[in-house]
Amino acid sequence: MTDITDHLAKIVERVARASERAHSPKNVTIVAVSKAQPAHAIASAFHAGQRHFGESYVQEAAQKMAELAALPITWHFIGRIQANKTRAVAERFHWVHTVDRAEIAARLNAQRPEHAPPLNVLIQVNQAREPQKAGVEPSGVTALARSILSLPRLELRGLMTVPPAGETHWFTELAELAAQLGREGIELDTLSMGMSMDFEAAIAAGSNCVRIGTAIFGERQPRRA
Ligand SMILES: *Cc1c(COP(=O)(O)O)cnc(C)c1O
């Protein structure tokens, strides 16, 4: 077994355990975060059964997608979205986890190809209002959700957060925010929360989509500028 196969099997097992222990057990999607990892690492994980992969940089992802075009991978964009990169995201990805303003949503909607199904969208919430992180403030989520719901080429699926390390209470708060939206008539089915260090806490709080990089692929190479 390669390291990746071995790590992946352990993560799948830990996710399943955490899900069984959760208050209301859910099917949890594992997004293997492959940023800064080579295409052959993705292929190894794919051959071990992994289907969902997350990338943070459009150009880097496009290169790997071209190399791996023969594999039926579901690609998730989890990086910061710049307005001048929305077309590539709309054309190449199946999911976007990081929509945080109406302008970006409108561009993705306009640029989603006709032949493709609607793009699955999550709203990134900056719960702790950290200035260095993307995301809409909790008070702005309802308005952004309504704006996304008006766009036919986007399918609003849920919320995403990257809280400060170690502050797992934000997971519970994101689940509460999603429940609040449900009471306002905005039905969501996906909570993208939890990474290598905290995915078990996130699942306990109701996550059904965890984004795991290092625990599957090992340390990332530093990114070249
Ligand atoms: C890199 C990244 C991850 C994965 O982080 P690990 O700690 O390597 O599991 C998850 N989510 C986002 C948004 C990321 O940028």
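Note that these values count all heavy atoms, side chains included, but never hydrogens, waters or copies made by symmetry. Quick note: residue numbers are just sequence positions, from 1. Read the numbers this way: they start at 1 and go in the same order the structure lists the ligands and their atoms. Note that the coordinates shown come from a computational prediction; the quantities given were computed from them, not determined experimentally.
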Go through the side-chain N and O atoms of [X] and [Y] and say whether any donor and acceptor fall under 3.5 Å apart.
X: Gln180; Y: Glu176; result: no
X: Thr214; Y: Glu219; result: no
X: Ser192; Y: His97; result: yes

Nearest non-hydrogen partners of [X] and [Y], listed with the distance:
X: Lys133; Y: Asn126; value: O-ND2, 3.2 Å
X: Ala39; Y: Lys64; value: N-CD, 4.0 Å
X: Glu103; Y: Ala83; value: OE2-CB, 3.9 Å

Quick check for students: name every N or O atom pair between ligand 1 and the protein closer than 3.5 Å, with distances.
{"from": "ligand 1", "atom 1": "7 (O)", "to": "Thr214", "atom 2": "OG1", "distance (Å)": "3.4"}
{"from": "ligand 1", "atom 1": "8 (O)", "to": "Thr214", "atom 2": "N", "distance (Å)": "2.8"}
{"from": "ligand 1", "atom 1": "8 (O)", "to": "Thr214", "atom 2": "OG1", "distance (Å)": "2.4"}
{"from": "ligand 1", "atom 1": "8 (O)", "to": "Arg220", "atom 2": "NH1", "distance (Å)": "2.8"}
{"from": "ligand 1", "atom 1": "8 (O)", "to": "Arg220", "atom 2": "NH2", "distance (Å)": "3.2"}
{"from": "ligand 1", "atom 1": "9 (O)", "to": "Ser196", "atom 2": "N", "distance (Å)": "3.0"}
{"from": "ligand 1", "atom 1": "9 (O)", "to": "Ser196", "atom 2": "OG", "distance (Å)": "2.5"}
{"from": "ligand 1", "atom 1": "9 (O)", "to": "Gly213", "atom 2": "N", "distance (Å)": "2.8"}
{"from": "ligand 1", "atom 1": "11 (N)", "to": "Arg211", "atom 2": "NE", "distance (Å)": "2.9"}
{"from": "ligand 1", "atom 1": "15 (O)", "to": "Lys35", "atom 2": "NZ", "distance (Å)": "2.7"}

